[in-house]
Amino acid sequence: MEEKYNPRVIEKTWQKEWQESGVDETARDASKQKFYCLEMFPYPSGKIHMGHIRNYVIGDVITRYKRMRGFNVLHPMGWDAFGLPAENAAILNGTPAAAWTLDNIAYMKRQIAKIGCSYDWSRELATCTPQYYKWNQWFFIKMFERGLAYKKNSSVNWCAQCQTVLANEQVIEDKCWRCDSIVAKKELDQWFFKITAYAEELLAGCDTLIGWPEHVVAMQKNWIGKSMGAELDFPVENSDIKIRIFTTRPDTLFGATFVCLSPAHPLAAKLTEDKDSLKRIRAEYDKQDAATAQTTLGMFTGTYAINPMNGERVAVYVAAFVLMEYGTGAIMSVPAHDSRDFEFATAHNLPIRQVIVAEGGSGQPLKEAYEGEGIVVNSGDFTGLPNKEAIIKINEYIEKKGIGIATVKYKLRDWGISRQRYWGTPIPIIYCEHCGALPVPEAELPVILPENIELKGKGGSPLALVDSFVNVKCPNCHRPATRDTDTMDTFVDSSWYFIRYCSKASEEALDKSNIAHFLPVDQYIGGVEHAVLHLLYSRFFTRVLRDLGIVAVDEPFTRLLTQGMVCKETFKCPEHGWLFPEEAKGGKCGKCNHPVERGRVEKMSKSKKNVVTPDELTERYGADTARVFSLFAAPPEKDIDWSDQGVEGSYRFLNRLWALCHANIAKIKPHEGHAGGPLIRKTHQTINKVTQSIERDYHFNTAIAALMELLNETSSFKPANGQDYAALAFAIRSMLLLLSPFAPHICEELWRAIGNGKSIFLEGWPSWDEEAAKEEEIELVIQIDGKVRAKERVSASLTDKEKTDIALNNAKVKELIAGKRLKQVIIVRGKLASIALEK
RNA sequence: GCGAAAGUGGCGGAAUUGGCAGACGCGCUGGACUUAGGAUCCAGUGCCUCGCGGCAUAGGGGUUCGACUCCCCUCUUUCGCACCA
């Protein structure tokens, strides 16, 4: 054994050894309970960053721990390989997208290998390969056959920068999730997946996601956005046209003083006399810029409708704030009880009539809308009812009268999947003049994405320019036909990759028995940024595949861990902006000598110049140090504050462990029985602490802290005889086993060095002995009225009565309670005596 | 604006069910070994006080023998949703 810890050498050795021995591969093992541990697969952008490392290390610790606990663990890795950056690189440098992607994968795979994660690479997949995307096409066709994939012309989110359509989930604050440019509306023919068919089930399923962070479940529910309400027809005066509105507040129907249509509503154009004004409003509406949205923008159409509840004549307006996509695209406006309607009514001088009065409320005119609960007034037969009751009664009434129906609406819309881009899965549809839109016959799948084509980057689908791709024979009538030239949203790829992993790359993709064996994913780990998008789509896909008889579960991910971001301090010069740490040395800007502002701790990013790269880190300290630090700095769900000095601390810890083993190498090999003693006790306590820390929410930081404590105690232990050396050997063996999921290379190396022939990862997780962990003596803390007044070392085996007597006989306590009346003495967990005095 | 989470030393963070606040690490201070050390080892380190002791978990109140933990109010930060009728 070397005297000095040299991570570069040992890490390489063991990575090679593990790979060759196949310890990381997962074979189905019926004798063990399965555990599927999955980290979100990366987009092969070119380089792994610290966020990836953190994600994978968390998953790897769980994997190695679960294996040692006897589980048959599936831990795969692959590549989310379709997407725009590859296409952009192709446009910019002429590098074919496929080559660019594969190069990146090769490079990133080497980077991942260096951190020593235990992946089963025999299941590796890349979504850009025909073997993989063939199934996207197959699912598409199955969904098409069931009416779950359909085409419609609709107003879609269009990103001019990316020259493509975006799904609703991909529009963040009216901006493109990828490039941040403002998204506009555009009418296009698009393919949709009917996720709304599963809205209710996806919502109900949320309540079963008990292993998910609550806020993520809340976001899912929020996104699905169920609301109960009613639809009613407001007949247009002197015409047989009816305006159908949706409301969640039927109890306020008598307060409806006007009706608003969305500018995109077909009736808006029909009923409006002043077409020019309508056009202007429509243009504003299409900008869909909530930040600058004019909440009062709108106009009178010139027509009136009749409120079916009371026969009252109400004005019909067009209002820019009314969305065509939600509800019926038309609303009844109740300014007294809706703040937007109130604002609109005030601006347009429309009447405001109060129909709900708060408990003890005055009859005074409202200064703002009252949206709370109360008693219904001015509402015919319903006057006097509590408004909640009125909702039920009014719903019954409108259904009986046939003027409306109680109904449910969701914010969730169908998932638009067409993308006018090249680097994605071709949509397997053929258009024939005579036969219409037909799916590609299953036997002809996959529809191969042509490679090595020239990309210009100018709008429209690149595939439309490839004649050999476009022109085909109609599968039905065999006359000339054309292919759909759009590709699928890449979120389709990631909606089922965890199902593909259940089988090895060499096995059949949808082997049902493999899928039944490994699904669901027991532990999923990734960033919160996918809280809605990817997770919702995957939940949808899982249900679709369930209904196709492929999977047997409803929910794909039993537990979800959303890990925090990797952050680091930043430096800023008022002149030169963000600075690298070395430019900010001494508190002065290296360029202009200006005093440097200490910026906030921010997520690592190139632009903020606060990045630490995995390569430099493993080069300098080794993977084990990087792993230990990123696990020790904070619990996994919290952001970590990267600190170079903190990394040094983790490195020192591993060095001290090495030194301890080196110093005792000769003595710890022989195994003798050991007696009790403080070190044995501490070791048992540590096994307990580490196990509990992992089991309880994966709090690896406290697990590592416990191991540091054990190392401190072991290092200062001075063995004097054979029994002491046996105790030392026990402590070190246990320490290595407990630390091995966190720092696998050094533990494997030391494990072998102290005389073990087999890999440490073939060992079982150590167990602790409750008796051996028990303290013989405790420090009895004595409190008077909640304040610590004395301490006494006593035997742990004393009874509560004996402890009470000791507490009351303590000299200091006697002095303090002299002349006072004792109320009670409570012994807490056998280690604290609380004396309460009469007040 | 609405909703959620959080606020503990100089810093990152500990503290099952209410029970010694500050584990562990970083930093800092002193010492040892050294030609030297930014290496290593040892000791100390919440604040105030010479000390006894007092004060401390964003701030204020409450429940309790006892509150970082439970309840109420206020402040701050972060995140999510932002015209969803």
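Chain letters run A, B, ... following the sequence lines, proteins first and then strands; every chain starts at 1. Please read all numbers here as calculations on a predicted model, not as lab measurements.
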Could you go over nucleotides 16-20 of chain B and give all protein N or O partners under 3.5 Å, atom names and distances?
residue: B:rU17; atom: O4; partner: A:R829; partner atom: NE; Å: 2.5
residue: B:rU17; atom: O4; partner: A:R829; partner atom: NH1; Å: 3.2
residue: B:rU17; atom: O4; partner: A:R829; partner atom: NH2; Å: 2.6
residue: B:rG19; atom: OP2; partner: A:R829; partner atom: NH2; Å: 3.3
residue: B:rG19; atom: N2; partner: A:Q783; partner atom: OE1; Å: 3.1
residue: B:rG19; atom: N2; partner: A:S834; partner atom: OG; Å: 3.0
residue: B:rC20; atom: O2; partner: A:K791; partner atom: NZ; Å: 2.7

Look at all strands and tell whether [X] reaches a base, only sugar-phosphate, or nothing, counting heavy atoms closer than 4.0 Å.
X: A:V322; result: base
X: A:S339; result: nothing
X: A:N712; result: sugar-phosphate

**Request:** Would you indicate which nucleotide in B:rA85, B:rA82, B:rA23 comes nearest to any side-chain atom of A:W223?
**Result:**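 So the nucleotide nearest the side chain must be B:rA82.
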
**Prompt:** A:T248 side chain: which of B:rA85, B:rC41, B:rC65 is closest?
**Reply:**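 The nucleotide sitting nearest to the side chain is B:rA85.
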
Look through every strand shown and name the nucleotide pairing with [N] as Watson-Crick or G-U wobble, where both distances are under 3.5 Å.
N: B:rC52; result: none
N: B:rG80; result: B:rC2
N: B:rA36; result: none
N: B:rU69; result: none
N: B:rC28; result: B:rG44

**Asked** Got a donor-acceptor contact below 3.5 angstrom from the A:D624 side chain to the A:I746 backbone?
**Response**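 Yes, the answer is positive, given that a donor and an acceptor are paired below the 3.5 Å cut-off.
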
**Prompt:** Among residues 642-652 of chain A, which contact RNA chain B at a heavy-atom distance under 4.0 Å?
**Reply:**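 RNA chain B contact set from residues 642-652 of chain A: A:Q645, A:G649, A:R652.
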
Checking [Y] against [X]: is there a side-chain donor and acceptor pair closer than 3.5 Å?
X: A:T625; Y: A:Y5; answer: no
X: A:E200; Y: A:Y410; answer: yes
X: A:E602; Y: A:N610; answer: no

**Asked** Does A:I835 or A:M219 map to a spot on RNA chain B nearer the 5' end, using the closest nucleotide for each?
**Response**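 It is A:I835 whose nearest nucleotide is closer to the 5' end.
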
**Message:** Please compare A:A320 and A:H699 by the position of their nearest nucleotide in RNA chain B and report the one closer to 5'.
**Reply:**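 Looking at RNA chain B, the more 5' nearest nucleotide goes with A:H699.
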
**Item:** Contact letters for nucleotides 4-13 of chain B, in which S counts primed atoms plus P, OP1 and OP2 and B counts the base, heavy atoms under 4.0 Å
**Value:** --------BS

**Aromatic ring pairing A:H534/A:H530, orientation class (parallel under 30°, perpendicular over 60°, tilted between)** =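 Perpendicular, since the angle between the ring planes exceeds 60°.
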
**Request:** Could you walk me through whether A:R249 and A:E371 pass salt bridge (Lys or Arg N to Asp or Glu O under 4.0 Å), step by step?
**Result:** CA-CA 10 Å; A:R249 295 290 305 271; A:E371 295 178 337; over 6 Å; no

**Asked** Of the options A:F653, A:Y651, A:W642, which is the one that meets A:F629 in a ring pair (Phe, Tyr, Trp, His ring centres under 6.0 Å)?
**Response**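 Exactly one option meets the ring pair (Phe, Tyr, Trp, His ring centres under 6.0 Å) with A:F629, and it is A:W642.
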
Every protein N/O within reach of nucleotides 67-71 of chain B N/O, cut-off under 3.5 Å:
none

**Asked** Can you name the one residue among A:D644, A:D641, A:D639 that meets salt bridge (Lys or Arg N to Asp or Glu O under 4.0 Å) with A:K568?
**Response**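 Running salt bridge (Lys or Arg N to Asp or Glu O under 4.0 Å) over A:D644, A:D641, A:D639 with A:K568 returns exactly one hit, A:D644.
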
**Request:** Can you tell me, in whole Å, how much space there is between the P of B:rU63 and that of B:rC52?
**Result:**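 33 Å, rounded to whole Å.
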
**Message:** Any side-chain N or O of A:T702 below 4.0 angstrom from OP1/OP2 of B:rC24?
**Reply:**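 Checking A:T702 against B:rC24: no side-chain N or O falls below 4.0 Å of OP1 or OP2.
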
**Request:** Provide the full list of salt bridge (Lys or Arg N to Asp or Glu O under 4.0 Å) pairs with a residue in residues 654-663 of chain A, sequence neighbours left out, each pair given once.
**Result:**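 Residue pairs with at least one partner in residues 654-663 of chain A: there are none.
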
Contacts under 3.5 Å, N or O only, protein and nucleotides 53-58 of chain B:
residue: B:rG53; atom: OP1; partner: A:K812; partner atom: NZ; Å: 3.4
residue: B:rG54; atom: OP1; partner: A:R789; partner atom: NH1; Å: 3.4

